Amino acid sequence: MNTPNYKNKILNSIVISGWPAVGKTTIATELAREFGYKHYNGGDVLKMLAAEKGYMVSGNDWWDTEEAKNFMVERESNSYFDIEVDRKLVEIVRMGKVVVTSYTLPWLVPESIKIWLKGSRSNRIKKLAKRDTLNFKQARDVIQQRDDNNVLIYHNLYGYEFGKDLSVFDFVLDTDLLDLESLLLISKTIVKNLCI
């Protein structure tokens with residue numbers, strides 16, 4: 001854990017980040033519900049931009065479809081999508097009383113409280129397989145592709161080492177060591193002590 005200077009923080013905005021399928025949305029949704037905050041997801045904003053470009057976007061598992069893979073090819077060649085998502089999310093965080101899940105905001109909005117959810121690839125594969133009803137190989141391939149895409153896209157776009165440089169985070173919670181109840185208790189304690 002870092003020892004951040006909370007004087008310069010927006011004490012009612014939380015940004016949660018971590019590798020795909022580590023539990024970001026679960027924690028963010030519960031925090032938003034508990035404290036009456038709004039919850040925003042970077043992936044949802046990206047899906048909205050994909051829809052605006054004419055992609056057929058539907059379902060929670062859209063990111064694993066052929067349509068999404070085609071969008072990802074376009075996204076990789078056009079940084080507009082990621083820059084626009086980040087621009088919108090920065091505005092949202094600065095409004096306050098929000099919980100945002102995002103791969104990039106911890107580096108872009110230093111004044112928010114930032115939590116990294118750490119989890120091994122093997123456990124994330126298991127979670128994804130269970131959540132999306134995939135076999136182990138399918139889930140492993142999806143995780144591998146998403147991990148590789150995140151590292152490449154955000155290094156090319158912003159120059160940071162996604163998943164390696166955790167120095168911007170105020171808290172790092174290990175989802176392999178802590179069960180969901182413990183993760184929620186710790187997260188809620190953070191919010192109660194720093195944001196309320």
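From a predicted model like this one, the values you see are computed outputs, not experimental measurements. Values below: every heavy atom of this structure, side chains too, minus hydrogens, waters and symmetry copies.
Closest non-hydrogen pair, Ile113 versus Asp170, comes out as CA-OD2, 3.4 Å. Scanning all heavy atoms of the two residues, the minimum distance from Ala28 to Thr101 falls at CB-CG2, 3.4 Å. Closest approach of Lys24 and Pro20 over heavy atoms only: NZ-CA, 3.8 Å. Among all heavy-atom pairs drawn from Ala50 and Val57, the shortest one is CB-CG2, 4.1 Å. The heavy-atom pair separating Arg131 from Leu128 by the smallest distance is NH2-CD1, 3.0 Å. Closest non-hydrogen pair, Gly42 versus Leu89, comes out as CA-CD1, 3.5 Å.
The side-chain heavy atoms of Arg140 and Leu134, taken from C-beta on, include no pair separated by under 4.5 Å. Side-chain contact between Asn149 and Glu76 is present, with heavy atoms from C-beta onward closer than 4.5 Å. Side-chain atoms of Val168 and Pro110, non-hydrogen and from C-beta on, never get closer than 4.5 Å to each other. Counting only heavy atoms from C-beta outward, the side chains of Ile153 and Met72 approach each other to under 4.5 Å. Looking at heavy atoms from C-beta onward, Ile27 lies in side-chain contact with Leu180 at the 4.5 angstrom threshold. With contacts defined as side-chain heavy-atom distances shorter than 4.5 Å, the pair Lys38/Lys97 does not qualify. In this structure, the side chains of Gln144 and Arg121 come closer than 4.5 Å at one or more pairs of heavy atoms. Side-chain contact between Leu49 and Lys88 is present, with at least one heavy-atom pair separated by less than 4.5 Å.
In the hydrophobic clustering of this structure, Trp62 groups with Met48; members are Ile, Leu, Val, Met, Phe, Trp, Tyr whose side-chain heavy atoms approach within less than 4.5 Å, directly or through other members. If you chain together hydrophobic residues whose side chains sit under 4.5 Å apart, Ile125 and Trp19 never meet in one group. Hydrophobic clustering of Ile, Leu, Val, Met, Phe, Trp and Tyr side chains at less than 4.5 Å, counting indirect connections, unites Leu108 with Leu157. Linking Ile, Leu, Val, Met, Phe, Trp and Tyr whenever their side-chain heavy atoms come within less than 4.5 Å leaves Leu178 and Leu185 in two separate clusters. At a threshold of 4.5 Å between side-chain heavy atoms, the hydrophobic network of Ile, Leu, Val, Met, Phe, Trp and Tyr places Leu31 and Val22 in one connected group.
Relative orientation of the Tyr37 and Phe35 rings is tilted, given thresholds of 30° and 60° on the angle between their planes. Using cut-offs of 30° and 60° for the angle between ring planes, the Tyr103 and Tyr154 rings count as tilted. Between Trp107 and Tyr160, the ring planes lie parallel to each other; the angle is under 30°, not in the 30° to 60° tilted range.
With hydrogens and angles ignored, the 3.5 Å screen pairs no side-chain donor or acceptor of Thr29 with any backbone N or O of Thr26. At distances below 3.5 Å, at least one donor-acceptor pair connects side-chain atoms of Asn78 with backbone N or O atoms of Tyr80. Asp165 contributes no side-chain N or O that, together with a main-chain N or O of Glu161, makes up a donor-acceptor pair within less than 3.5 Å. Side chain of Ser112 to backbone of Ser13: no donor-acceptor contact under 3.5 angstrom is found.
A distance of 4.0 Å separates CD1 in Ile115 from CD1 in Ile190, rounded to the nearest 0.5 Å. How far CD1 of Ile143 is from NZ of Lys127: 10.0 Å, rounded to the nearest 0.5 Å. To the nearest 0.5 Å, atom CG of residue Leu105 and atom CD1 of residue Ile14 are 12.5 Å apart. Distance CG/Asp174 to CH2/Trp116: 12.0 Å, rounded to 0.5 Å. Atom CG in Leu194 sits 5.0 Å away from atom CZ in Phe171 (nearest 0.5 Å). Atom CG of Asn123 is separated from atom NZ of Lys126 by 5.0 Å, given to the nearest 0.5 angstrom.
A salt bridge does not link Glu91 with Arg94: every distance from a Lys NZ or Arg NE/NH1/NH2 to an Asp or Glu carboxylate oxygen is 4.0 Å or more. Between Arg87 and Glu84 there is a salt bridge, since at least one side-chain N of the basic residue sits less than 4.0 Å from a carboxylate O of the acidic one.
For the 3.5 Å distance criterion, the side chains of Asp82 and Ser79 fail to qualify, holding no donor opposite an acceptor.
The environment of Lys69 atom NZ is dense: over 12 non-hydrogen atoms of other residues, nucleotides or ligands sit within 6.0 angstrom. The environment of Met56 atom CE is sparse: at most 12 non-hydrogen atoms of other residues, nucleotides or ligands sit within 6.0 angstrom. Glu181 CD: 12 or fewer foreign heavy atoms inside a 6.0 Å radius. The environment of NZ in Lys118 is sparse: at most 12 heavy-atom neighbours from other residues, nucleotides or ligands sit within 6.0 Å.
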Let's go through Asp147 and Arg124 carefully: what are the C-alpha distance in whole Å and the side-chain angles of both, what is the deciding distance for side-chain contact (heavy atoms from CB on, under 4.5 Å) to 0.1 Å, and is it a yes or a no? CA-CA 11 Å; Asp147 287 358; Arg124 294 187 295 117; 2.7 Å; yes
Let's go through Tyr40 and Val98 carefully: what are the C-alpha distance in whole Å and the side-chain angles of both, what is the deciding distance for side-chain contact (heavy atoms from CB on, under 4.5 Å) to 0.1 Å, and is it a yes or a no? CA-CA 7 Å; Tyr40 295 89; Val98 296; 3.7 Å; yes
